[in-house]
Each structure stands twice: as structure tokens, then as C-alpha cells.
Amino acid sequence: MTELQYFWGWAVYLAGAFGCLLSLWFIVGNWHPRLKRPLMLAFAVLFFLPGTVHPEQSYLGPAFLISLYDGLSLGVDAMWRTGRTVAIAAGVAVIAGVLLPVGKAKKQLLTKRKSPVNRDIDTG
């Protein structure tokens with residue numbers, strides 16, 4: 001594999017991953033931020049976390065797909081070579097997404113409570 005082929009492979013993969021992440025953003029757009037944020041962070045980790053394709057090589061690839069391929073072709077023990085990293089990073093992303101404050105939702109809730117509109121008054 002030449003360096004240019006490696007570059008184009010990553011470019012095509014990253015374009016597809018961004019497309020998938022954008023599609024997920026539109027799918028979960030109306031969900032509550034406490035559910036949406038951890039899900040988006042976990043999928044971003046799954047799509048963009050790199051891992052070595054082979055322990056003796058310096059080529060990188062998507063760690064989730066590498067661990068999935070290793071698990072299907074070499075067995076469950078080989079899957080944990082990159083699977084541990086993916087599991088730990090995705091877990092940290094989910095925990096961070098849950099613990100981050102939801103400022104926009106709180107702000108909207110406070111503005112709804114502070115501005116009661118009295119529509120029962122007859123002006124005419």
C-alpha cells in the first residue's frame with residue numbers, strides 16, 4: 001500500500017464517519033440532552049478512535065472496526081487488543097456526557113418559569 005492510498009483510504013473513511021455522525025445528530029436532534037450527549041460522544045469515539053492494524057506495523061485504522069475484525073477472524077482473545085481501548089474510551093465519553101451540565105435546557109426552563117403571560121385579561 002502506498003502512502004497516497006493510505007491517505008485516500010483515511011479521507012474516504014473520515015468523510016463517511018462524519019456523514020454517519022451528522023445523520024445520528026439529525027436522528028436524535030429532539031431528544032433530551034442527557035440522552036443525546038452521551039450517545040453522540042460514544043459514537044464519535046467509536047468512529048474516530050484510531051488503533052494499530054497489526055502490532056508490528058505502524059498503520060492506523062478505526063479501532064472499533066479493527067477489534068470487530070480481529071474478533072470475527074482470530075477469536076475473542078484477539079479482539080481485546082484494541083477492544084479494551086475502545087471500551088474504556090467509549091465508557092469515559094458516556095460518563096463525561098452524562099456529567100456535563102445541560103445549560104441550554106436549564107436556561108429554557110428558567111425563561112418559561114419567569115415569563116408568565118396573562119392572557120385572561122380583556123383589552124377590548
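If you're wondering where the values come from, they're calculated on a predicted model, not measured in any experiment.
In summary, the aromatic rings of Phe64 and Phe43 are positioned with their centroids too far apart to meet the 6.0 Å limit.
Of all heavy-atom pairs between Pro38 and Pro33, the closest is CD-O, 3.9 Å. Val98 approaches Arg34 most closely through the heavy-atom pair O-NH1, 2.5 Å. Listed here is the closest heavy atom pair of Ala63 and Val86: CB-CG2, 3.5 Å. Heavy-atom minimum distance, Ala93 versus Val45: CB-CG2, 3.7 Å.
With a 4.5 Å cut-off on side-chain heavy atoms, Trp25 and Met40 count as touching. The shortest side-chain heavy-atom distance between Leu22 and Phe26 falls under the 4.5 Å cut-off.
There is no path of hydrophobic side-chain contacts, each under 4.5 Å, that joins Leu100 to Val92. Neither Ile88 nor Ile95 shares a network with the other; the hydrophobic side chains, linked directly or stepwise wherever heavy atoms of I, L, V, M, F, W or Y lie under 4.5 Å apart, form separate groups for each. In terms of hydrophobic clustering, with Ile, Leu, Val, Met, Phe, Trp and Tyr side chains grouped at heavy-atom distances under 4.5 Å, Leu14 and Ile66 are assigned to a common cluster. When the side chains of ILVMFWY residues are joined at heavy-atom separations under 4.5 Å, either directly or via intervening members, Val53 and Leu74 end up in two distinct hydrophobic clusters. Leu24 and Leu41 fall into different hydrophobic clusters, where Ile, Leu, Val, Met, Phe, Trp and Tyr are joined by side-chain heavy atoms under 4.5 Å apart, directly or via other members.
Judged by distance alone, with hydrogens and angles left aside, the side-chain atoms of Thr82 form a donor-acceptor pair with the main-chain N or O of Ser67 at under 3.5 Å. A distance-only check finds a donor-acceptor pair linking the side chain of Thr2 to the backbone of Gln5 [under 3.5 Å].
The neighbour count for Tyr69 OH, taken as heavy atoms of other residues, nucleotides or ligands under 6.0 Å away, does not exceed 12. The number of heavy-atom neighbours closer than 6.0 Å to CD of Glu3, taken from other residues, nucleotides and ligands shown, is 12 or below.
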Item to check | CA sep, side-chain torsions, deciding dist, call: Leu60, Thr52, side chain to side chain contact (heavy atoms under 4.5 Å, CB included) | outcome: CA-CA 5 Å; Leu60 295 176; Thr52 56; 3.9 Å; yes
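To the nearest 0.5 Å, the span separating CG on Leu65 from CG on Leu49 amounts to 11.0 Å.
Residue pairs that meet the salt bridge (charged side-chain N to carboxylate O under 4.0 Å, His left out) test with at least one member in residues 51-77, sequence neighbours left out, are Asp70-Arg81.
Ring-plane geometry between Tyr13 and Trp10 is classed as perpendicular, the angle between the planes exceeding 60 degrees on a 0 to 90 degree scale with a lower cut at 30.
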